[in-house]
Amino acid sequence: MHRFANPARFLRLAAAIQPWTAGATLILLGLGLYFGLVDSPADYQQGESVRIMYVHVPSAWLAMAAYSTMAAASGVGIIWKHPLADLVAKAASPVGAAFTFVCLVTGSLWGKPMWGTWWAWDARLTSMLILFFLYLGHMALLNAFDDPTRGAKAAGILALAGFVNIPIIKFSVDWWNTLHQPASVSRVGMPAIDPAMLLPLMLMGLAFTTFFVTILLMRVRSEILAVKVRAIRLTQIHSVPGSATGELVGESLR
Amino acid sequence: MTEGCLSSTFTADGLACVRGERVVFTHLNFRLSSGEALFLLGPNGSGKSSLLRLLAGLLKPAAGQLAWDGRPVSEDREGHAARIHYVGHHDAIKPVLSVLENLRFWARLHAPEAGDARAQAALERFGLWHLREVPGKLLSAGQKRRLNLARLLAAEAPVWLLDEPSVALDRASVKTLEAVIAEHRAHGGMVVLSTHADIDLPEAGRLYLDRFAPKPVEAAEAWI
Amino acid sequence: MTEGCLSSTFTADGLACVRGERVVFTHLNFRLSSGEALFLLGPNGSGKSSLLRLLAGLLKPAAGQLAWDGRPVSEDREGHAARIHYVGHHDAIKPVLSVLENLRFWARLHAPEAGDARAQAALERFGLWHLREVPGKLLSAGQKRRLNLARLLAAEAPVWLLDEPSVALDRASVKTLEAVIAEHRAHGGMVVLSTHADIDLPEAGRLYLDRFAPKPVEAAEAWI
Amino acid sequence: MSRLAEIVRRDLRLALRQGSDSVMVVTFFVLTVVLFPFGLGPEANLLERTSAGVLWVTALLASMLSLDRLFLADYEDGSLELLALTPTALELLVIGKVAAHWLTTGLPLIVAAPVLAVLLHMNADGFGTLLFTMLLGTPTLSLVGAMGAALVLGARRGGVLLSLLVLPLYIPVLIFGVGAIDAAVQGLPARGLLLLLGGMLMAALPLAPWAAAAALRQALE
Amino acid sequence: MSRLAEIVRRDLRLALRQGSDSVMVVTFFVLTVVLFPFGLGPEANLLERTSAGVLWVTALLASMLSLDRLFLADYEDGSLELLALTPTALELLVIGKVAAHWLTTGLPLIVAAPVLAVLLHMNADGFGTLLFTMLLGTPTLSLVGAMGAALVLGARRGGVLLSLLVLPLYIPVLIFGVGAIDAAVQGLPARGLLLLLGGMLMAALPLAPWAAAAALRQALE
Amino acid sequence: MTSLATYFSMGGYAAFVWPSYALTAVVMVGLVVVTWRGLKAREAELKALQDVMPRRRARTHEGQGQ
Ligand code: HEM
Ligand SMILES: Nc1ncnc2c1ncn2[C@@H]1O[C@H](COP(=O)(O)OP(=O)(O)OP(=O)(O)O)[C@@H](O)[C@H]1O
Ligand SMILES: Nc1ncnc2c1ncn2[C@@H]1O[C@H](COP(=O)(O)OP(=O)(O)OP(=O)(O)O)[C@@H](O)[C@H]1O
Ligand SMILES: [Mg+2]
Ligand SMILES: [Mg+2]
């Protein structure tokens, strides 16, 4: 039906890109870990605990980037009815949820020595927790329907509506006086951070991004195959043995 | 089928319907003009109800196009909704509202100025006027169905889409329904209805839905 | 009506039914023996569904008595329930269970030892075996009704109470239903069914419910 | 416009005649609030400090529980598809239904709130702000909840799934609502927080009906 | 007996397949408990003092929320009348459904409770008693709630608001449950209160199914 | 040796730093494994299904083979 969706081309493209992103991930991760854990100074205030930053901040970025990807894909799915877009959204949400979880836990682990508490009900922390719940809601909604296409549409609407949370996470530290660090890397103008710490942070950020792309491609491939499997299953189920319309005639799937 | 001069046309061109990731029918065409009627026939599960929902605009076609007087229906969804009366498997009757309140609500939504006179006439036609103050929950199956059909007369709409309308009706009521449909057609209305029972509509077209079932290749590739 | 020798009898004596504070019918008698069938006929609202629910034990009669082999049914409600298969307007199909799971549950509740073979045979008989793994939600109206009817064959019960069983069935399925009922009667079963459509049951009795409508005086005094 | 009025009128009539919803919600609200003194013990001091939070959390839950059914009855009895087929935009229908819902549940909640505040020994300085936050907050709850209710139509286990979707989105209303009351009780200016609540209502007013209507269209497929 | 097992098995299967009610109820439980710090403010001291009350009130609500639909789906799709027509006593059916319900919701609640207790800074001395009260209390909630759910079905036909009877019946469970935990935290003996909870369960075990079955028969007329 | 020990002690923050990295590693590896397994399972399933289809065709429509 949606011939223009052309998953065959996507599958080919994905197969071609994937080794490169996977390789890049490994190299970047190696470099990032080296600079982060070995060849970077301890913070004059926070001491060695600052090294948590090299996993905490990239996972926070990725959590938000994955949600943005999901929302964008959902928008494309709703407006242009491109079925691949729904699959991208579906593939992105567990990955995003996983990294939101990592951000929450590493933040907690950092908070204990720095603020003296595992958790505080501060705006950024809270909005991040809400992001986690939004991911969970998205996944639950996706799987709450018997008809997967229906689940994809409902979850898409939720993803778009929940997008208002992203700017709140991003700017909560500026809007409200909070415990959490204000932006020091991603703020306008020069980053207010030591270059020796900036380098591993950037390397890890890139590594997480390529990792995300790799996993996303794999998951979308997997979802496409799942759709094919379901389509064949359905024709088998609904073909009445013996009736003219029901026989499983035809070419194998491309 | 005859064709009038000032009449409207309702056409389907290469319609395909996907439900639950499965192709139900493809390449379906028809053309309906004012005063005409179309029977949807076919065994259980062949897609009659699905086609009616498609024609109503509740489902979106996976391929193909519906047009009214040549203009695609998708361009003006509300305008299309205003043209349509749909009677499905569900009765949409609120148990705590009386028969008259139930009907009047729908009549006013379709035509805010629709008088109570019209609702009364519709109820009388379907033999429900004496039950007008009975709450919906006390109706028998056939009485509910008749109340649902009374919507057809309570406000005007050129296209009637009826999904097995004679279910639960006694014979006298089936006769009434046939007469009501005949009048509607005489006034230039169109009717599409699915049925397994015998309903007598003179000169109605017949569409056998099982003939549009997809070939398995198409079916297996529904999506891709 | 013919009467067997070793057969059971199901009798109603002076039954009256009150629904929503209104008398629907009074002074209704019938007698049904093994192998016999009874059509309930009458216009909408005459009390066919109410009578079937009464026979099933879901409603209690306002007056009169039901008896099985002469023993009042009210004395042994569970024993009576075990004798009965009831097919009403609702399909009782769980959307998330597959066709087979849906059927098997009812079969086992009626007869815990009922084998899967029986469920399979029932589904095959009603042309649903190939759909056995489809969730209930995705069935069309007629497929649901067929699944509901398959319960009749999945476990044994001497009395079948069918409320408009042919609704939504295509013609082939109506034929199957007729054959299934004939076999049931041949094995000594009883059938009571209401219908507005044509169902072909040889030598079935007919009960016109409108004849038992209360006279207006009685109706006015129903309650007091 | 007259169509909108017609929908509101019907929903009000249904709600009143079914006797249940609005009375149920207020009763739930009252009972749950009354549960807290049982749960927390009767110390006036503790109750006072928790009063704003308890009132708002309970209002949130009451609103959510009653929203669960907002579209469900119409969906199940086939009214929803007929509503979608009237010559009215589905967005308008959603607004009508939300309005009726708020009139039958939000409004009684607001009326009941000050009484319960007294019960919880809330500082009288907070009463005005309490009313104001509820007036601004409960419509937002109804709007956001309507979106959630539309999304879960046809899902397995709608009710609880709804809470998972909607509660996270309710949290900001809760935070600002309680914050404003606490500020007022402590004699601080609550204006900024009230403005934020108002802003959220303004944002939800166009967004939620749009999302709900889109979800309803999906549900009818 | 095998029929009872069959009913439990079906209801478990339905619950799990429908996107697992249990997960949802636990999510509701967690989310609502998480709401309280937003409402009450993050002070550890305040949270600790309110923790037992908050946990029990929330458990009550979670149980009520999920029970609401216990018979409704079966009633609306016609399964309930067929169940009443099987050669099984309706009381047995009720017991089967309550058992399945408790397994899918009460049990997960009990598992989640200690985790949330940590989040609310509850004193570790109270943990054992918390678990124990929940173990004794949640089945009572399920039983009483089942009665309420059955009454609601019948109530649609006239009698209004019978369901409100249920919440007052929940209150003793709440009081004794919280009381026992508070006693344990303060190092006082909680045994008497636990016995009272047990007694209530013993009373509900035969009474609630009987009442529920009677209400269901009414609903089917 | 001591230098390695001081390194791993992370200036006293070992109990916070290493779990952070460990969790991140576990999550990343877990994602890879789950995704990879899923992909392989679906590939296998699809292949199995497609193997069935042409055979059926060969039986019903001889001569129109692959
Ligand atoms: C559970 C607790 C925490 C959560 C949920 C959390 C969340 C976040 C998020 C979402 C970001 C990304 C912001 C952006 O890119 O704009 C971030 C960045 C950051 N976090 Fe945390 N955080 C937590 C605890 C901490 C702690 C305890 C510290 C250190 C004392 C910390 C230090 C930082 C730093 C330095 C950044 C980078 C800021 C920037 O350059 O933009 N975080 N955190
Ligand atoms: N639940 C109910 N409560 C009260 N009265 C009812 C109820 N259901 C039906 N009635 C009333 O009882 C009468 C008989 O209804 P019943 O459903 O038995 O009729 P029926 O013969 O089956 O009609 P149909 O052919 O339309 O199915 C009707 O007048 C109806 O208004
Ligand atoms: N909500 C749904 N989601 C997915 N698939 C569905 C849905 N409803 C029906 N189907 C499937 O679509 C096909 C067509 O169903 P439809 O209801 O249009 O058939 P029908 O011709 O009306 O049959 P009947 O005569 O039994 O009413 C059926 O195979 C059915 O399994
Ligand atoms: Mg149909
Ligand atoms: Mg009937």
Side-chain angles (χ1 to χ4, degrees), chain B residues 19-22 24 40-53 88-91 95 99 126-128 130-131 134-149 163-177 194-199 208-210, chain C residues 17-22 24 40-53 88-91 95 126-128 130-131 134-147 149 163-177 194-199 208-210:
Chain B
R19 302 210 71 177
E21 303 196 317
R22 190 175 82 83
V24 179
L40 304 184
L41 300 168
N44 293 141
S46 55
K48 302 178 292 299
S49 304
S50 304
L51 178 55
L52 285 169
R53 292 179 77 84
H89 286 306
H90 295 292
D91 281 319
V99 165
F126 281 100
L128 290 172
H130 67 288
L131 295 175
V134 173
K137 70 177 160 191
L138 299 189
L139 299 180
S140 79
Q143 289 161 345
K144 279 187 188 151
R145 175 53 52 145
R146 269 142 65 176
L147 174 51
N148 203 6
L149 290 170
D163 201 354
E164 306 194 33
S166 68
V167 158
L169 293 184
D170 54 22
R171 280 158 213 244
S173 308
V174 174
K175 286 269 164 299
T176 310
L177 176 64
S194 79
T195 189
H196 296 295
D198 290 310
I199 300 183
Y208 290 90
L209 272 158
D210 39 344
Chain C
C17 171
V18 175
R19 302 211 71 177
E21 308 193 338
R22 195 173 78 78
V24 179
L40 305 184
L41 300 168
N44 294 141
S46 56
K48 301 178 294 298
S49 303
S50 304
L51 177 56
L52 285 169
R53 292 179 77 85
H89 286 305
H90 293 293
D91 282 318
F126 282 100
L128 290 171
H130 67 287
L131 294 175
V134 175
K137 181 164 197 174
L138 300 189
L139 299 179
S140 77
Q143 289 162 344
K144 281 188 186 149
R145 176 50 55 140
R146 269 141 67 177
L147 174 51
L149 290 171
D163 201 356
E164 306 195 34
S166 69
V167 158
L169 292 185
D170 54 21
R171 280 158 212 245
S173 308
V174 174
K175 286 266 163 302
T176 311
L177 176 64
S194 79
T195 187
H196 296 296
D198 292 309
I199 301 183
Y208 290 90
L209 273 158
D210 37 344

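Because only heavy atoms are used, hydrogens play no part in the values below, and waters and symmetry mates are left out as well, while side chains stay in. For clarity, every value in this text was computed on a predicted model and none was experimentally measured. Naming: A, B, ... by sequence-line order, numbering from 1 per chain.
- In terms of heavy atoms, B/H89 sits closest to C/A141 at NE2-CB, 3.6 Å.
- Closest non-hydrogen pair, B/R171 versus C/H196, comes out as NH2-O, 2.8 Å.
- Neither the backbone nor the side chain of C/A172 comes within less than 4.5 Å of any heavy atom of chain B.
- The main-chain N or O of B/A168 is found under 3.5 Å from a side-chain atom of C/N44 such that the two form a donor-acceptor pair.
- Partners of C/P135 by side-chain contact (heavy atoms from CB on, under 4.5 Å), not counting sequence neighbours, listed by chain and number: C/L138.
- C/R146 touches chain B through its side chain: at least one heavy atom from C-beta onward sits under 4.5 Å away, while N, CA, C and O do not.
- Proximity to chain C (any heavy atom under 4.5 Å) is shown, for B/Q143, by both the backbone and the side chain.
- Using a 4.5 Å cut-off between heavy atoms, B/D198 touches chain C through backbone and side chain atoms alike.
- Of the atoms belonging to C/S173, it is side-chain heavy atoms, and not backbone ones, that fall under 4.5 Å from chain B.
- Residues B/G45 and C/S140 share a closest heavy-atom pair of N-OG, 3.2 Å.
- Residue contact with chain C, scored on non-hydrogen atoms closer than 4.5 Å, involves the backbone and the side chain of B/L169 alike.
- Residues satisfying the side-chain contact (heavy atoms from CB on, under 4.5 Å) test with B/T176, not counting sequence neighbours, are B/R125, B/F126, B/V180.
- To the nearest 0.5 Å, atom OG1 of residue C/T195 and atom CG of residue B/D170 are 11.5 Å apart.
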